[in-house]
Amino acid sequence: MCFNMSIVKEIEALQEEFRADFAEYPILSDHALQWYNASGFDHPIWPVIGKEFPDSIRMYHWGLIPHWVKDSDQAAGIRSKTLNARGETVDQLPSYRSSFPVKTCLVIAEGFYEPHHFEGKSYPFYLHRSDGRLLTFGGIYASWENRENGRTVNSFSIITVPAVGLTDRIHSHKHRMPLIIPENQRSRWMDPEISPTECKALIRSWEPEELIAHPSSPDLYRRKGSRNTPEIRDRYYYGIEGIDLLAI
DNA sequence: CCAGACGTTGTT
DNA sequence: GTCTGG
DNA sequence: CCAGACGTTGTT
DNA sequence: GTCTGG
(Lines give C-alpha, C1' and ligand atoms only; values in the text may rest on other atoms or scores of the structure.)
Protein backbone atom coordinates (compact mmCIF):
# COMPACT_ATOMS: atom_id res chain seq x y z
CA MET A 1 0.00 0.00 0.00
CA CYS A 2 1.02 3.54 -0.43
CA PHE A 3 -1.47 6.19 0.58
CA ASN A 4 0.91 8.76 2.01
CA MET A 5 4.18 10.07 0.62
CA SER A 6 6.62 12.91 1.03
CA ILE A 7 8.86 15.23 -0.93
CA VAL A 8 10.61 18.36 0.34
CA LYS A 9 12.90 19.44 -2.48
CA GLU A 10 13.86 22.43 -4.56
CA ILE A 11 12.34 22.48 -8.03
CA GLU A 12 15.84 22.78 -9.47
CA ALA A 13 16.99 19.62 -7.69
CA LEU A 14 14.32 17.59 -9.48
CA GLN A 15 15.09 19.14 -12.83
CA GLU A 16 18.78 18.37 -12.45
CA GLU A 17 18.36 14.80 -11.29
CA PHE A 18 15.93 13.84 -14.03
CA ARG A 19 17.26 16.13 -16.75
CA ALA A 20 13.71 17.23 -17.31
CA ASP A 21 12.03 20.59 -16.89
CA PHE A 22 8.72 21.30 -15.28
CA ALA A 23 6.25 21.66 -18.13
CA GLU A 24 4.39 24.26 -16.16
CA TYR A 25 6.61 25.71 -13.51
CA PRO A 26 4.77 25.14 -10.22
CA ILE A 27 3.60 28.35 -8.66
CA LEU A 28 5.39 28.12 -5.36
CA SER A 29 6.58 31.01 -3.27
CA ASP A 30 9.85 29.29 -2.41
CA HIS A 31 10.51 27.26 -5.56
CA ALA A 32 10.24 24.05 -3.60
CA LEU A 33 7.87 21.19 -3.12
CA GLN A 34 7.01 21.01 0.55
CA TRP A 35 5.09 17.88 1.22
CA TYR A 36 6.16 16.40 4.54
CA ASN A 37 3.07 14.27 4.24
CA ALA A 38 0.66 14.15 1.36
CA SER A 39 -2.44 12.00 1.68
CA GLY A 40 -3.65 10.40 -1.52
CA PHE A 41 -7.19 10.88 -0.36
CA ASP A 42 -6.71 14.63 -0.84
CA HIS A 43 -5.65 13.98 -4.45
CA PRO A 44 -2.71 16.41 -4.41
CA ILE A 45 -0.91 17.29 -7.63
CA TRP A 46 2.43 15.51 -7.68
CA PRO A 47 5.52 15.47 -9.93
CA VAL A 48 5.56 12.65 -12.48
CA ILE A 49 7.44 11.91 -15.68
CA GLY A 50 5.26 10.09 -18.19
CA LYS A 51 6.33 7.82 -21.01
CA GLU A 52 4.74 10.21 -23.48
CA PHE A 53 6.62 13.24 -22.09
CA PRO A 54 10.01 11.92 -20.92
CA ASP A 55 11.66 15.34 -21.02
CA SER A 56 9.23 17.10 -18.73
CA ILE A 57 8.05 16.81 -15.17
CA ARG A 58 4.33 17.41 -14.83
CA MET A 59 2.08 17.81 -11.84
CA TYR A 60 -0.67 15.18 -11.99
CA HIS A 61 -3.42 14.42 -9.52
CA TRP A 62 -2.93 11.36 -7.34
CA GLY A 63 -5.89 9.00 -7.88
CA LEU A 64 -6.36 7.81 -11.46
CA ILE A 65 -9.57 8.80 -13.23
CA PRO A 66 -10.10 6.42 -16.18
CA HIS A 67 -10.91 7.96 -19.56
CA TRP A 68 -14.37 6.36 -19.66
CA VAL A 69 -15.66 8.10 -16.53
CA LYS A 70 -18.85 9.96 -17.38
CA ASP A 71 -19.17 12.76 -14.86
CA SER A 72 -17.57 14.39 -11.85
CA ASP A 73 -19.63 12.34 -9.41
CA GLN A 74 -18.29 9.16 -10.91
CA ALA A 75 -14.78 10.62 -10.95
CA ALA A 76 -15.02 11.51 -7.27
CA GLY A 77 -16.21 8.01 -6.52
CA ILE A 78 -13.43 6.20 -8.30
CA ARG A 79 -10.33 8.25 -7.66
CA SER A 80 -10.10 7.43 -3.98
CA LYS A 81 -9.97 3.80 -4.99
CA THR A 82 -7.30 4.15 -7.66
CA LEU A 83 -4.49 5.58 -5.55
CA ASN A 84 -2.79 2.22 -5.96
CA ALA A 85 -2.94 -0.28 -8.80
CA ARG A 86 -1.94 -3.84 -8.03
CA GLY A 87 0.97 -4.87 -10.22
CA GLU A 88 -0.49 -8.35 -10.61
CA THR A 89 -3.56 -7.05 -12.44
CA VAL A 90 -2.63 -3.59 -13.75
CA ASP A 91 -2.57 -4.92 -17.33
CA GLN A 92 -6.04 -6.44 -17.05
CA LEU A 93 -8.42 -4.29 -15.02
CA PRO A 94 -10.79 -1.93 -16.85
CA SER A 95 -9.52 1.13 -14.96
CA TYR A 96 -5.87 0.55 -15.75
CA ARG A 97 -5.26 -1.65 -18.76
CA SER A 98 -5.60 1.10 -21.37
CA SER A 99 -2.74 2.90 -19.60
CA PHE A 100 -0.47 -0.13 -19.64
CA PRO A 101 2.17 -0.09 -20.97
CA VAL A 102 1.74 3.07 -23.05
CA LYS A 103 1.10 5.44 -20.16
CA THR A 104 3.48 4.30 -17.47
CA CYS A 105 5.26 6.95 -15.45
CA LEU A 106 7.86 7.64 -12.80
CA VAL A 107 6.34 9.10 -9.66
CA ILE A 108 8.98 11.21 -7.92
CA ALA A 109 9.09 11.02 -4.12
CA GLU A 110 11.49 11.35 -1.25
CA GLY A 111 9.79 8.80 0.98
CA PHE A 112 6.56 7.05 1.79
CA TYR A 113 4.58 5.93 4.81
CA GLU A 114 3.39 2.47 5.80
CA PRO A 115 1.49 1.43 8.93
CA HIS A 116 2.85 -1.20 11.27
CA HIS A 117 0.20 -3.12 13.16
CA PHE A 118 1.21 -4.16 16.62
CA GLU A 119 -0.95 -5.49 19.43
CA GLY A 120 -4.12 -4.29 17.79
CA LYS A 121 -2.91 -0.78 17.03
CA SER A 122 -1.49 0.91 14.00
CA TYR A 123 1.78 2.87 13.97
CA PRO A 124 2.86 4.84 10.91
CA PHE A 125 6.46 4.54 9.74
CA TYR A 126 8.29 6.82 7.36
CA LEU A 127 10.55 5.07 4.84
CA HIS A 128 13.17 6.93 2.85
CA ARG A 129 16.75 6.72 1.62
CA SER A 130 19.52 7.28 4.17
CA ASP A 131 21.34 9.52 1.67
CA GLY A 132 18.31 11.75 1.15
CA ARG A 133 18.14 10.97 -2.56
CA LEU A 134 14.87 10.65 -4.41
CA LEU A 135 12.91 7.48 -5.10
CA THR A 136 10.95 6.77 -8.25
CA PHE A 137 7.78 4.73 -8.03
CA GLY A 138 6.37 2.99 -11.05
CA GLY A 139 2.94 4.34 -11.91
CA ILE A 140 0.37 4.68 -14.66
CA TYR A 141 -1.50 7.79 -15.70
CA ALA A 142 -4.59 8.82 -17.62
CA SER A 143 -6.30 11.92 -18.90
CA TRP A 144 -9.96 12.44 -18.31
CA GLU A 145 -12.10 15.09 -19.96
CA ASN A 146 -14.73 16.56 -17.70
CA ARG A 147 -17.56 17.27 -20.11
CA GLU A 148 -19.34 19.38 -17.54
CA ASN A 149 -16.72 22.12 -17.79
CA GLY A 150 -14.52 21.08 -20.70
CA ARG A 151 -11.45 20.68 -18.51
CA THR A 152 -8.96 17.85 -18.65
CA VAL A 153 -7.82 16.20 -15.44
CA ASN A 154 -4.50 14.35 -15.56
CA SER A 155 -4.08 11.75 -12.86
CA PHE A 156 -1.95 8.78 -11.84
CA SER A 157 -1.91 5.63 -9.76
CA ILE A 158 1.06 4.06 -7.96
CA ILE A 159 1.64 0.40 -8.80
CA THR A 160 1.97 -1.87 -5.77
CA VAL A 161 3.77 -5.19 -5.34
CA PRO A 162 4.26 -7.71 -2.50
CA ALA A 163 6.41 -6.15 0.21
CA VAL A 164 9.99 -7.28 0.80
CA GLY A 165 12.83 -6.48 3.17
CA LEU A 166 12.50 -3.61 5.59
CA THR A 167 9.19 -2.56 4.07
CA ASP A 168 7.78 -6.03 4.65
CA ARG A 169 8.89 -6.02 8.29
CA ILE A 170 7.04 -2.76 8.80
CA HIS A 171 3.95 -3.38 6.74
CA SER A 172 3.30 -6.69 8.45
CA HIS A 173 -0.43 -6.37 7.90
CA LYS A 174 -0.95 -6.05 4.17
CA HIS A 175 2.49 -6.97 2.94
CA ARG A 176 2.28 -4.53 0.06
CA MET A 177 4.64 -1.78 -1.06
CA PRO A 178 4.96 0.68 -3.92
CA LEU A 179 6.79 -0.49 -7.02
CA ILE A 180 10.20 1.17 -6.72
CA ILE A 181 12.02 1.52 -10.02
CA PRO A 182 15.80 1.27 -9.52
CA GLU A 183 17.81 4.13 -10.98
CA ASN A 184 19.39 1.83 -13.57
CA GLN A 185 15.96 0.64 -14.74
CA ARG A 186 14.30 4.02 -15.18
CA SER A 187 15.09 4.32 -18.88
CA ARG A 188 13.83 0.78 -19.46
CA TRP A 189 10.58 1.58 -17.61
CA MET A 190 10.19 4.63 -19.82
CA ASP A 191 11.09 2.84 -23.08
CA PRO A 192 8.26 3.58 -25.55
CA GLU A 193 9.11 0.45 -27.55
CA ILE A 194 8.72 -1.97 -24.64
CA SER A 195 6.24 -4.83 -25.04
CA PRO A 196 3.48 -5.44 -22.49
CA THR A 197 5.24 -8.63 -21.37
CA GLU A 198 8.60 -6.92 -20.94
CA CYS A 199 7.00 -4.05 -19.10
CA LYS A 200 5.15 -6.43 -16.79
CA ALA A 201 8.48 -8.13 -16.03
CA LEU A 202 9.76 -4.83 -14.61
CA ILE A 203 7.07 -4.96 -11.95
CA ARG A 204 9.05 -6.63 -9.18
CA SER A 205 9.35 -6.26 -5.44
CA TRP A 206 12.47 -4.27 -4.69
CA GLU A 207 13.79 -1.69 -2.28
CA PRO A 208 17.14 0.10 -2.32
CA GLU A 209 19.91 -0.94 0.08
CA GLU A 210 19.84 2.59 1.43
CA LEU A 211 16.21 2.43 2.55
CA ILE A 212 15.73 3.24 6.22
CA ALA A 213 12.67 3.83 8.38
CA HIS A 214 11.49 5.28 11.66
CA PRO A 215 8.19 5.54 13.51
CA SER A 216 6.33 8.77 12.79
CA SER A 217 3.59 10.74 14.48
CA PRO A 218 0.21 9.15 15.17
CA ASP A 219 -1.24 12.38 13.76
CA LEU A 220 -0.42 11.15 10.28
CA TYR A 221 -3.76 9.50 9.77
CA ARG A 222 -5.86 12.02 11.66
CA ARG A 223 -8.73 13.33 9.63
CA LYS A 224 -8.71 16.80 11.06
CA GLY A 225 -6.13 19.55 10.93
CA SER A 226 -3.00 19.92 8.92
CA ARG A 227 -1.05 16.75 8.53
CA ASN A 228 1.62 18.42 6.41
CA THR A 229 4.00 19.75 9.05
CA PRO A 230 7.76 19.17 9.38
CA GLU A 231 7.29 17.36 12.69
CA ILE A 232 4.98 14.73 11.20
CA ARG A 233 7.89 13.25 9.27
CA ASP A 234 10.29 13.22 12.23
CA ARG A 235 11.08 10.23 14.38
CA TYR A 236 8.38 9.78 17.01
CA TYR A 237 9.04 7.89 20.22
CA TYR A 238 6.14 5.74 21.34
CA GLY A 239 7.91 4.28 24.36
CA ILE A 240 7.09 0.82 23.05
CA GLU A 241 10.09 -1.36 22.28
CA GLY A 242 8.33 -3.27 19.52
CA ILE A 243 7.81 0.03 17.72
CA ASP A 244 10.77 2.22 18.64
CA LEU A 245 13.31 -0.51 17.89
CA LEU A 246 11.61 -2.16 14.93
CA ALA A 247 13.55 -0.47 12.17
CA ILE A 248 16.87 -0.02 13.95
C1' DC B 1 -29.92 -8.40 -22.28
C1' DC B 2 -29.26 -4.36 -19.57
C1' DA B 3 -27.78 -2.04 -15.34
C1' DG B 4 -24.09 -1.28 -12.86
C1' DA B 5 -19.44 -1.72 -11.91
C1' DC B 6 -15.03 -0.55 -12.97
C1' DG B 7 -10.67 -0.33 -6.84
C1' DT B 8 -7.56 -0.61 -2.82
C1' DT B 9 -6.30 -1.29 1.72
C1' DG B 10 -5.20 4.73 6.35
C1' DT B 11 -7.26 6.21 10.43
C1' DT B 12 -11.55 6.28 13.95
C1' DG C 1 -15.01 1.52 -23.04
C1' DT C 2 -16.05 -3.18 -21.70
C1' DC C 3 -17.22 -6.80 -18.60
C1' DT C 4 -20.20 -8.99 -15.06
C1' DG C 5 -24.06 -10.30 -12.47
C1' DG C 6 -28.73 -10.72 -12.09
C1' DC D 1 -30.89 13.66 8.33
C1' DC D 2 -30.48 9.43 10.81
C1' DA D 3 -29.47 4.49 11.07
C1' DG D 4 -26.06 1.62 10.71
C1' DA D 5 -21.54 0.49 9.95
C1' DC D 6 -17.17 0.48 11.52
C1' DG D 7 -13.25 -6.06 9.21
C1' DT D 8 -10.09 -9.54 7.41
C1' DT D 9 -7.91 -13.35 4.75
C1' DG D 10 -2.37 -15.01 10.42
C1' DT D 11 1.17 -15.86 13.78
C1' DT D 12 4.76 -8.88 14.19
C1' DG E 1 -16.06 9.23 16.77
C1' DT E 2 -17.20 9.75 12.02
C1' DC E 3 -18.66 8.44 7.61
C1' DT E 4 -21.97 6.45 4.22
C1' DG E 5 -26.08 5.14 2.16
C1' DG E 6 -30.75 5.37 1.83
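Proteins get letters first, then strands, A, B, ... in listed order; numbering begins at 1 in each. Just so you know, these numbers use all the heavy atoms, side chains as well, and skip hydrogens, waters and symmetry mates.
A close approach under 4.0 Å does occur between a side-chain nitrogen or oxygen of His171(A) and OP1 or OP2 of dG10(B). Under 4.0 angstrom from either OP1 or OP2 of dC6(B) there lies no side-chain N or O belonging to Lys70(A). Between Arg97(A) and the phosphate of dC3(C), there is no side-chain N or O to OP1/OP2 separation shorter than 4.0 Å. The side chain of His67(A) contributes no N or O atom lying less than 4.0 Å from OP1 or OP2 of dC6(B). Of the side-chain N and O atoms in His116(A), none sit less than 4.0 angstrom from OP1 or OP2 of dT11(B). Side-chain nitrogen and oxygen atoms of Ser122(A) include at least one within less than 4.0 Å of the OP1 or OP2 phosphate oxygen of dT11(B). The side chain of Thr160(A) places an N or O atom within less than 4.0 Å of a non-bridging phosphate oxygen (OP1 or OP2) of dT9(B).
Residue Tyr96(A) is in sugar-phosphate contact alone, with no base atom involved, counting any heavy-atom pair closer than 4.0 Å across all strands shown. Using a 4.0 Å heavy-atom criterion, one finds that Ser39(A) contacts the bases of the nucleic acid, with or without backbone contacts as well. The residue Leu246(A) sits apart from the nucleic acid: no heavy atom pair falls under 4.0 Å.
On the C1' atoms, dG1(E) is 27 Å away from dT9(D), given to the nearest whole Å. Using atom P as the reference point in both dG6(E) and dC6(B), the two lie 14 Å apart (nearest Å).
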Nucleotide-level pairing of DNA chain B, given in dot-bracket where Watson-Crick and G-U pairs need both distances under 3.5 Å and | marks other strands: ||||||......

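Comparing dT9(B), dC6(B), dG10(B) by their closest approach to the side chain of Arg176(A) singles out dT9(B).
Put simply, OH on Tyr113(A) is 13 Å from C1' on dG10(B), counting in whole angstrom units.
With centroids closer than 5.5 Å and planes inclined by less than 30 degrees as the test, Phe3(A) and the base of dG10(B) fail to qualify as a stacked pair.
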